[in-house]
Chemist: 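The structure is given below, and queries will be raised subsequently.
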Amino acid sequence: MQGRTYTADAEPGDHVKVAGWVHEIRDLGGIAFLILRDKSGKIQVKFEKDEMDEELVETGLGVHRESVVVVEGAVEEEPRAPTGVEVTPDSVEVLADADPELPLDPSGKVDAELSTRLDNRTLDLRKDEVKAVFEIRAEVLRAVREEFRDFYATEINTPKIVATGTEGGTELFPITYFGKEAFMNQSPQLFKQLMVGSGLERVFEIGPIFRAEEHNTPRHLNEATSIDFESAFIDHSEAMDVCEAVVKAAYEAVEENCQTELEALGLEDEFEAPEGEFPRLSYEEAIQRINATGKLDEQLVWGDDLPTEGEKALGEDVGEHYFITDWPSEIKPFYIKDHDDDEQLSTGFDMMHPKMELVSGGQREHRYEHLVAGFEQQGLDPESFDYYTKMFKYGMPPHAGFGLGGERLIMTMLGLENIREAVLFPRDRQRLSP
Ligand code: ATP
Ligand code: AMO
């Protein structure tokens, strides 16, 4: 809109055209105020009924809440106005009227259930504290990209319609691809690995992953955002260094650039970027510590995957971000390399927030014969992964990497109760639209 000024930029002495939504109308009798809201904030528009054109007053005060209006007028200092300035309008135009019955209250005075909010995301995101989550999410992704680039990694995009799955623990979504069976990609795992053998050597991808998770939990989505990294010539320990740096960079960027958003969420005092090195516990130490808490009904033994309650108990015990390293080979995927001196022990690692797992990663098996043998051990047909394995015959360097769950990072960073709050339009078992 030509000549439009954001409300936050309106200064006393200016003559402005401001556009946005009617946040509130306060009628005090002889004087009334329209609070206009836009992306940058809010501004008060003053109507002195006896002194102003009748039609102008009628238009300005007759409009329903959440209608879209454009107001032109002079900006003056007014200490009693919420932002210290107000506009005295010489014109008000209604661009889009809003129904007086709203499915949820964007002023936030009336709470709404999460499902109502998700059904009406447009209105929900008119609330400062909801908008803040997505401004922070955008800042996190910006910072993560920058950090990867500082590590000399190249951003890539890999296919999301694929022929095979990679992550054994979760189901695939089948689709029909010109009469053939295909799947939605669970992870860019194999493609990012193929790229470390290419001229790109070190890559990252931020993109969707699709998982037909059977559980309906507050921390699983059926479409999630994976932040993937993979690099030639590094081992699992160096991959952990990168992982830690990326997570810290995300927190630091939010701390530095998102104070307004943190305030909207009431987190300005609590929010802290993690400091110091993340402790690295071996799987063996992890199960011992979980058992020692006495919080599980049954003691864990070597080879068990960590149950959700176990992760929770350990998280409370450790109290900060930490890694779990040296997992039993049998519970890690085929692409993870075992330790050279002990093939029961893998180089796989997880990075944990006290409340949940955020990352899986490890050094990869880059030796062709070992890779093919690993497929067979896990009951997978190496033939169907031929497009992947054959590249390991033409000079595939040792490499390592990780996948970080984008929504889990945001969720744990902001203390959100439900992962769906970190996605604009979440996909779960019950939700396919909007
Ligand atoms: P993986 O990497 O093993 O595929 P994940 O990244 O989803 O799983 P988590 O979310 O930490 O890992 O879950 C750990 C394990 O607990 C997973 O095997 C998951 O399927 C299982 N799990 C999660 N929530 C529940 C639940 N509510 N009930 C039962 N099992 C659950
Ligand atoms: P993994 O399966 O552990 O590893 O996934 C990596 C991270 O992605 C996030 N995540 C999810 N977030 C929300 N909903 C889901 N359904 C979901 N599934 C996974 C988690 C998890 O830690 N290929 C490996 C990574 C690698 O080795 O590089 C992989 O996909 O935060």
Chemist: What distance separates Leu281 CG from Asp350 CG, expressed to the nearest 0.5 Å?
Modeler: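 Answer rounded to 0.5 Å: 12.0 Å.
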Chemist: Checking Asp428 side chain against Leu221 main chain: does a donor-acceptor pair fall under 3.5 Å?
Modeler: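 Not at all, since once roles are kept as given, no pair shorter than 3.5 Å links the two residues.
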Chemist: So which atom in Thr7 and which in Lys42 form the shortest heavy-atom distance, rounded to 0.1 Å?
Modeler: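 Between these two residues, the closest heavy atoms are OG1-N, 3.7 Å.
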Chemist: Considering residues, nucleotides and ligands other than Tyr177, do more than 12 of their heavy atoms fall under 6.0 Å from its OH?
Modeler: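 Counting other residues, nucleotides and ligands, OH of Tyr177 stays at 12 neighbours or fewer.
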Chemist: Can you tell me how far CZ of Arg427 sits from CZ of Arg420, rounded to the nearest 0.5 angstrom?
Modeler: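 Atom-to-atom, Arg420:CZ and Arg427:CZ are 12.0 Å apart.
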Chemist: Run through Arg4, Lys131, Lys17 and flag the one making a salt bridge (Lys or Arg N to Asp or Glu O under 4.0 Å) with Asp38.
Modeler: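 The option that passes is Arg4.
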Chemist: Side chains of Thr164 and Tyr388 only: does a donor on one sit below 3.5 Å from an acceptor on the other?
Modeler: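 Short answer, no.
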Chemist: Restricting to non-hydrogen atoms, name the atom on Asp228 and the atom on Pro188 that form the minimum distance, rounded to 0.1 Å.
Modeler: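 Nearest pair, atom of Asp228 first, then Pro188: OD2-CG, 3.2 Å.
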Chemist: Is it true that Glu309 and Lys295 have a side-chain N and a carboxylate O under 4.0 angstrom from each other?
Modeler: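 A salt bridge is absent here (no side-chain N lies under 4.0 Å from a carboxylate O).
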Chemist: Enter the distance from Met240:CE to Glu277:CD here, rounded to the nearest 0.5 Å.
Modeler: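 Rounded to the nearest 0.5 Å, the CE-CD separation comes out at 11.0 Å.
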Chemist: Does a side-chain heavy-atom distance below 4.5 Å link Val196 with Met396?
Modeler: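 Contact flag for Val196/Met396 side chains = yes.
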Chemist: Tell me if the CD atom of Glu77 is crowded by more than 12 foreign heavy atoms within 6.0 Å.
Modeler: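 Atom CD in Glu77 is not crowded, with 12 or fewer foreign heavy atoms closer than 6.0 Å.
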Chemist: Go through Phe271 and Tyr251 one step at a time and tell me if the ring-ring contact (aromatic ring centres under 6.0 Å, His included) criterion holds.
Modeler: CA-CA 9 Å; Phe271 189 87; Tyr251 271 87; 5.6 Å; yes
Chemist: Between Lys312 (side chain) and Pro307 (backbone), is there a donor-acceptor pair under 3.5 Å?
Modeler: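 Side chain of Lys312 to backbone of Pro307: no pair is present.
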Chemist: Taking all atoms of both residues into account, what is the closest heavy-atom pair of Gly401 and Ala239, and its distance?
Modeler: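 Nearest heavy atoms, Gly401 then Ala239: N-CB, 4.0 Å.
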Chemist: Relative to the ring of His321, is the ring of His353 parallel (under 30°), tilted (30 to 60°) or perpendicular (over 60°)?
Modeler: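 Answer is perpendicular, since the angle exceeds 60°.
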Chemist: Pick out which of Arg202, His399, Lys192, Glu238 makes a side chain to side chain donor-acceptor pair (under 3.5 Å) with Ser231.
Modeler: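 Going through the options one by one, the only one that passes is Arg202.
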Chemist: Kindly check if the number of other-residue, nucleotide or ligand heavy atoms within 6.0 Å of CD (Glu24) is above 12?
Modeler: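 Counting neighbours around CD of Glu24, more than 12 heavy atoms of other residues, nucleotides or ligands fall under 6.0 Å, so yes.
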Chemist: Quick one: does Glu78's side chain have a donor or acceptor within less than 3.5 Å of a partner on Arg80's backbone?
Modeler: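 Checking the backbone N and O of Arg80 against the side chain of Glu78, a donor-acceptor pair under 3.5 Å is found.
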Chemist: Quick one: pull up CZ in Phe134 and CD in Glu421 and give me the separation to the nearest 0.5 Å.
Modeler: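 Rounded to the nearest 0.5 Å, the CZ-CD separation comes out at 8.5 Å.
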Chemist: For a 4.5 angstrom cut-off between non-hydrogen side-chain atoms, does Glu316 reach Thr293?
Modeler: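 No, their side chains stay 4.5 Å or more apart.
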Chemist: Taking NZ, NE, NH1 and NH2 as the nitrogens, is one of them in Lys248 or Glu252 under 4.0 Å from a carboxylate oxygen of the other?
Modeler: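 A salt bridge is absent here (no side-chain N lies under 4.0 Å from a carboxylate O).
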Chemist: Ignoring hydrogens and angles, tell me if any N or O in the side chain of Arg117 forms a donor-acceptor pair with the backbone of Asp124 under 3.5 Å.
Modeler: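 Not confirmed, Arg117 side chain does not pair with Asp124 backbone.
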Chemist: So which atom in Asn120 and which in Thr116 form the shortest heavy-atom distance, rounded to 0.1 Å?
Modeler: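 Residues Asn120 and Thr116, closest heavy atoms: ND2-O, 2.8 Å.
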Chemist: Let me confirm one number: the OH-CG distance from Tyr283 to Asp326, rounded to the nearest 0.5 Å.
Modeler: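 Nearest 0.5 Å value for the OH-CG distance: 12.0 Å.
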Chemist: Salt bridge or not for Glu213 and Arg429, using N-O below 4.0 Å?
Modeler: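 No, this pair does not count.
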Chemist: Determine whether Glu357 and Glu311 satisfy the following criterion, side-chain contact (heavy atoms from CB on, under 4.5 Å), listing intermediate values before the conclusion.
Modeler: CA-CA 8 Å; Glu357 176 199 313; Glu311 279 180 9; 4.2 Å; yes
Chemist: Can you tell whether the side chains of Asp105 and Arg65 come within less than 4.0 Å, N to carboxylate O?
Modeler: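 Here Asp105 pairs with Arg65 in a salt bridge, since their nearest N and O are under 4.0 Å apart.
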Chemist: Kindly indicate, with the supporting measurements, whether the criterion salt bridge (charged side-chain N to carboxylate O under 4.0 Å, His left out) is fulfilled by Lys160 and Glu205.
Modeler: CA-CA 12 Å; Lys160 304 305 158 205; Glu205 176 164 8; 2.7 Å; yes
Chemist: Is there a side-chain contact (heavy atoms from CB on, under 4.5 Å) between Gln44 and Ile35 once you walk through the steps?
Modeler: CA-CA 5 Å; Gln44 173 165 300; Ile35 308 297; 4.0 Å; yes
Chemist: Are Gln189 and Gln193 linked by a side-chain donor-acceptor pair shorter than 3.5 Å?
Modeler: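 Result is yes, a qualifying pair exists.
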Chemist: Quick one: does any side-chain atom of Ser346 pair with a main-chain N or O of Trp327 as donor and acceptor, under 3.5 Å?
Modeler: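 Side chain of Ser346 to backbone of Trp327: a pair is present.
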Chemist: Is it true that Arg149 and Glu146 make a salt bridge, defined as a side-chain N closer than 4.0 Å to a carboxylate O?
Modeler: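 No salt bridge links Arg149 with Glu146.
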Chemist: Would you check, one step at a time, whether the test side-chain contact (heavy atoms from CB on, under 4.5 Å) holds for Met1 with Leu95?
Modeler: CA-CA 12 Å; Met1 183 182 290; Leu95 298 182; 3.7 Å; yes
Chemist: Which atom pair, heavy atoms only, marks the closest approach of Pro159 to Asn185?
Modeler: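 Closest approach of Pro159 to Asn185: O-ND2, 3.4 Å.
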Chemist: Quick check: do Asp269 and Leu262 have side-chain heavy atoms less than 4.5 Å from each other?
Modeler: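 The answer is no; the side chains never approach within 4.5 Å.
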Chemist: Enter the distance from Arg431:CZ to Asn216:CG here, rounded to the nearest 0.5 Å.
Modeler: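 With rounding to 0.5 Å, CZ (Arg431) is 11.0 Å from CG (Asn216).
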Chemist: Is the shortest side-chain heavy-atom distance between Ile206 and Leu141 below 4.5 Å?
Modeler: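 Yes, close enough: below the 4.5 Å cut-off.
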Chemist: I need the minimum non-hydrogen distance between Val144 and Ala250, along with the two atoms involved.
Modeler: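 Answer, listing the atom of Val144 first, then Ala250: CG2-CB, 4.2 Å.
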Chemist: Can you confirm whether Asp297 is buried at CG, in the sense that more than 12 heavy atoms of other residues, nucleotides or ligands lie under 6.0 Å from that atom?
Modeler: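 Check fails, neighbour count at 12 or below.
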Chemist: Distance-only, no hydrogens or angles: does the Arg121 side chain make a donor-acceptor pair with backbone N or O of Phe425 under 3.5 Å?
Modeler: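 Between the backbone of Phe425 and the side chain of Arg121 there is no qualifying donor-acceptor contact (under 3.5 Å).
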Chemist: Would Arg280 count as a cation-pi partner of Phe323, with NZ or CZ less than 6.0 Å from the six-membered ring centre and within 45° of the ring normal?
Modeler: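 Because its charged atom sits under 6.0 Å from the ring centre and within 45° of the axis, Arg280 does stack over Phe323.
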Chemist: Does Thr225 offer a backbone N or O that forms a donor-acceptor pair with the side chain of Glu407 under 3.5 Å?
Modeler: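 Yes, the answer is positive, given that a donor and an acceptor are paired below the 3.5 Å cut-off.
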Chemist: Step through it carefully: locate the ring centre of Phe385, locate the ring centre of Phe334, and say whether they are under 6.0 Å apart.
Modeler: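 Between Phe385 and Phe334, the centre distance is under 6.0 Å.
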Chemist: Just by distance, do the side chain of Thr158 and the backbone of Phe191 share a donor-acceptor pair under 3.5 Å?
Modeler: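 Pair absent, no side-chain N/O of Thr158 close to backbone of Phe191.
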Chemist: Name the atoms and distances for all side-chain donor-acceptor pairs under 3.5 Å in residues 66-74, with sequence neighbours left out.
Modeler:
| from | atom 1 | to | atom 2 | distance (Å) |
| --- | --- | --- | --- | --- |
| Glu66 | OE1 | Arg37 | NH2 | 2.8 |
| Glu66 | OE1 | Arg126 | NH1 | 2.9 |
| Glu66 | OE2 | Arg37 | NH1 | 3.1 |
| Ser67 | OG | His64 | O | 2.8 |
| Ser67 | OG | Asp97 | OD1 | 3.0 |
| Ser67 | OG | Ala98 | N | 2.8 |

Chemist: Around atom CD of Glu55, are there more than 12 heavy atoms from other residues, nucleotides or ligands closer than 6.0 Å?
Modeler: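 No, because the 6.0 Å sphere around CD of Glu55 holds 12 heavy atoms or fewer from other groups.
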Chemist: With side-chain contact (heavy atoms from CB on, under 4.5 Å) as the test, would you mind laying out the steps for Phe47 and Asp27 before giving the verdict?
Modeler: CA-CA 9 Å; Phe47 294 88; Asp27 198 331; over 6 Å; no
Chemist: Quick one: are Pro426 and Leu118 in side-chain contact, heavy atoms under 4.5 Å?
Modeler: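 Yes, at least one pair of side-chain atoms sits under 4.5 Å.
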Chemist: Judged by atom type as modelled, is there a donor-acceptor pair below 3.5 Å linking the side chain of Ser198 to the main-chain atoms of Leu200?
Modeler: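 Confirmed, Ser198 side chain pairs with Leu200 backbone.
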Chemist: Keeping Arg408 on the side-chain end and Arg219 on the backbone end, is there a donor-acceptor pair under 3.5 Å?
Modeler: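 Flag set: sc Arg408 to bb Arg219 pair under 3.5 Å.
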Chemist: Take Phe402 and Phe229, measure what ring-ring contact (aromatic ring centres under 6.0 Å, His included) needs, and give me the verdict at the end.
Modeler: CA-CA 5 Å; Phe402 62 84; Phe229 173 78; 5.5 Å; yes
